Amino acid sequence: GLVKHCLITLFLNVYDWTDAGWVNPTEELELTFALKQQNTDLLEEILRLVSDPDSAQYGKHLTLEEVSSLVHPTELTQKVVHHWLQSHGITNCLTVRTRDFLQCTMTAEVAEKLLPGSKFHRYIRDDHSLVRSSAPYSVHDDVHQHLDFVAGLHRLPPKGQDLRKASSNRKQKRSKAGLHLGVTPSILRARYNLTATDVGTAKNNSQAVAQFLEQYFNPADLAEFMGMYGRSFKHLSQVDRVVGIQGAGKAGIEASLDVEYIMSTGANISTWVFTNQGRHESQEPFLQWIVLLSNMSDLPWVHTISYGDDEDSLSTAFMMRINTEFMKAGVRGISLLFASGDSGAGCKHLGKGQNTFRPSFPASSPYVTTVGGTSFKNPFKITYEITDYISGGGFSNVFKMPDYQTVAATLPPPSYFNTSGRAYPDMAALSDNYWVVINRVPVPWVSGTSASTPVVGGMLSLINDQRMLKGRPALGFLNPRLYKLKGQALFDVTEGCHLSCLDEQVQGKGFCAAPSWDPVTGCGTPNYPALLAALLAE
């Protein structure tokens, strides 16, 4: 019979979206079906072996074809799901090389019959509209066991942070008279000890930024930015490939920031941009990127992504499956870097004056490298770094602490977080007061971990470059190797706390920086020449 099985979040985060009513029954939607995979335990074991520098399998990455033959759904799963779709007249479906995703186009009327209980409405925010289901849906039990989730139903994308707003809250820094330094490529290269010769030269190296807000970057801005700020090092002034459809209109801060800075630290390295794949209002852009990873055999080695959502707004089934997708990338030698977020420890009100911190995903995934943020101790000079109080960090409520991680830090009261969870971030970099060129104009005071993440990503690309010149494999999933360094080759950040709940017990203070690893700046910020030497060592 029909069992209520909502395979993804039941509630819609509609707080800033307006319901514009039921969609026309003949309107086309695209839904993504995540088919159950095989051998995910084996996949995890392979990831551990190819990512651990002390293993004989280190660096022996798999091709997409090898990943596919490992995880692809069973014949039965494929048959049951295809039959279920065909019995509803759904034939317009695309699959991926790993055969574990199906993306099918159908009318709203057919979708509501396929998934009893669903009701598709249009939601509007600013000038952006989406189609989602306002009610939970069910799937026949015999089909349910073959699916991880159906997406394109409930998820509304989180609102992007206004990165300028993040900066205008920083009262203490703007009040000082005199010329604030601000962060530019040459300042980053000086702080992290990159010389003019630290630029890419390997033929087969590449890096990417992926961004899913309704934004696009303007190639003219990138060229202008490099003309102004890139004169002291060899660089590229254009992106080699844009995957997805770029929106029209004005360039977005986030998009400009990501591209301009990954190409400043990862200088002279071929760069791709994954942007909103906006074919359908029913698509979830983050998931589109995930699906693309399983359909492209030739991908950049480093991806930096400034995207996150509260862990508690996502279903565990969804996050577990996304983790498997991260593992699939890791065993292929791809490094995924996620921003840790800009809300410190976060805060969730449980009622009766009780609060807890609020972790963010994918920052909390054990299978990605998460990057937090720092500020200069003295904003007028290139000095040592302290915590940027917005730097996201904490402990997952869903994923347990991975074997590669050991955490000894002075921590807030344990009622606020899960002491045995995956702790993040893994490392950090400057995230405060960047200069960005947007719509041909240099703009100061741009801040956020979406700045630090591409900065670290570009440096990992440079290290990959040197590894490739020596005939060695890409770094791939970095964390097991990063934690084995025990802080060597990193600048330890030991001052400052990030923000959290404004209550009597913690009074707005979340976690604090401390010697060695901490849940604000991770293992520290990169000292490039030392990190290069450590990660080149056999």
Side-chain angles (χ1 to χ4, degrees), residues 170 172 191-192 338-347 355-360 363-364 366 369-379 383-397 399-432 449 452-453 455-456 478-503 505-527 530-531 534:
R170 302 165 181 269
Q172 77 286 6
R191 166 60 187 154
Y192 298 128
F338 277 85
S340 70
D342 295 345
S343 324
C347 189
N355 296 320
T356 62
F357 297 156
R358 194 170 202 174
S360 156
S364 68
T369 300
T370 303
V371 182
T374 60
S375 304
F376 279 127
K377 171 69 172 173
N378 175 348
T383 54
Y384 70 92
E385 292 159 80
I386 58 170
T387 295
D388 185 349
Y389 68 89
I390 57 143
S391 179
F395 292 74
S396 172
N397 287 323
F399 307 111
K400 65 180 200 310
M401 187 172 290
D403 295 342
Y404 60 72
Q405 209 168 30
T406 43
V407 166
T410 331
L411 301 168
S415 61
Y416 280 81
F417 64 99
N418 170 24
T419 51
S420 60
R422 145 58 159 160
Y424 69 94
D426 301 301
M427 55 194 304
L430 287 160
S431 56
D432 191 9
T449 53
S452 51
T453 309
V455 164
V456 171
L478 183 66
N479 293 10
R481 187 156 189 181
L482 177 69
Y483 283 87
K484 281 191 171 173
L485 294 176
K486 296 193 164 35
Q488 159 209 349
L490 298 157
F491 294 117
D492 195 3
V493 181
T494 58
E495 278 181 41
C497 305
H498 64 189
L499 52 114
S500 77
C501 305
L502 281 168
D503 60 25
Q505 207 175 356
V506 293
Q507 302 183 1
K509 236 165 72 168
F511 298 98
C512 297
S516 74
W517 184 90
D518 56 70
V520 194
T521 60
C523 301
T525 66
N527 178 4
L531 192 60

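No hydrogens, no waters, no symmetry mates; every other heavy atom, side chains included, goes into these values. Fair warning: this is a prediction, and the values are worked out from it, not measured in the lab.
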Evaluate Asp432 against Ile390 for side chain to side chain contact (heavy atoms under 4.5 Å, CB included), listing each step before the verdict. CA-CA 9 Å; Asp432 191 9; Ile390 57 143; over 6 Å; no
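Proximity of a side-chain donor or acceptor of Ser391 to a complementary backbone N or O of Gly373 within less than 3.5 Å is detected. Side-chain N or O atoms of Ser500 include one that pairs as donor or acceptor with a backbone N or O of Lys509 at under 3.5 Å. No donor-acceptor pair under 3.5 Å is formed between the side chain of Thr370 and the backbone N or O of Asp426. Checked by atom type and distance alone, the side chain of Asn479 never pairs as donor or acceptor with a backbone atom of Leu482 at under 3.5 Å. For the pair Gln488 (side chain) and Ala534 (backbone), a donor-acceptor distance under 3.5 Å is absent. Judged by distance alone, the side chain of His498 and the main-chain N or O of Val520 form no donor-acceptor pair under 3.5 Å. Checked by atom type and distance alone, the side chain of Asn527 never pairs as donor or acceptor with a backbone atom of Ala489 at under 3.5 Å. Between the Ser340 side chain and the Pro425 main chain, no donor and acceptor come within less than 3.5 Å of each other.
Using a 4.5 Å heavy-atom cutoff, the side chains of Pro402 and Arg422 are in contact. Looking at heavy atoms from C-beta onward, Val455 lies out of side-chain contact with Val371 at the 4.5 angstrom threshold. Ser396 places none of its side-chain heavy atoms less than 4.5 Å from the side chain of Asn418. Side-chain contact between Arg191 and Thr525: present, with at least one pair of heavy atoms (C-beta onward) separated by less than 4.5 Å. When side chains are defined from C-beta on, Tyr404 does not count as touching Lys484, because their heavy atoms never get closer than 4.5 Å. Within the 4.5 Å cutoff, the side chain of Thr374 has no heavy atoms near those of the Phe491 side chain. Between Tyr424 and Phe338 the shortest side-chain heavy-atom distance does not fall below 4.5 Å. Residues Thr387 and Thr521 form a side-chain contact, since some pair of their non-hydrogen atoms from C-beta on lies under 4.5 Å apart.
In plain terms, the two heavy atoms of Phe399 and Pro366 that are nearest each other are CB-CG, 3.8 Å. When all heavy atoms of Ala423 and Trp517 are compared, the pair lying nearest together is CB-CH2, 3.3 Å. Residue Ser452 comes nearest to Gly372 through the heavy atom pair OG-O, 2.9 Å, listed as atom of the first residue, atom of the second, then distance. Scanning all heavy atoms of the two residues, the minimum distance from Ser343 to Leu499 falls at O-CD1, 3.7 Å. The nearest pair of heavy atoms linking Ala339 to Thr449 is CB-OG1, 3.4 Å. The shortest non-hydrogen separation linking Pro526 to Leu531 is CB-CD2, 3.9 Å.
Listed by chain and residue number, nothing satisfies the side-chain hydrogen bond (donor to acceptor under 3.5 Å, both in side chains) test with Ser360 (two or more places apart in sequence, or in another chain).
More than 12 heavy atoms of other residues, nucleotides or ligands lie within 6.0 Å of CG in Asp503, so this atom counts as buried by the packing criterion.
Here the straight-line distance linking atom CG of Asp342 with atom OH of Tyr389 works out to 10.0 Å at 0.5 Å rounding. For the atom pair CD (Glu385) and OG (Ser431), the distance works out to 9.0 Å, reported to the nearest 0.5 Å. Residue Leu411 holds its CG atom at 8.5 Å from OG1 of Thr419, rounded to the nearest 0.5 Å. Rounded to the nearest 0.5 Å, atoms SG (Cys497) and CD (Gln507) are 12.0 Å apart. With values rounded to the nearest 0.5 angstrom, Leu490 atom CG is found 11.5 Å from Ser516 atom OG. Summarising the geometry, atom OH belonging to Tyr483 is positioned 10.0 Å from atom CG belonging to Leu478; distances are rounded to the nearest 0.5 Å.
Tyr416 and Phe357 have tilted rings, their planes meeting at an angle from 30° to 60° on a 0 to 90° scale.
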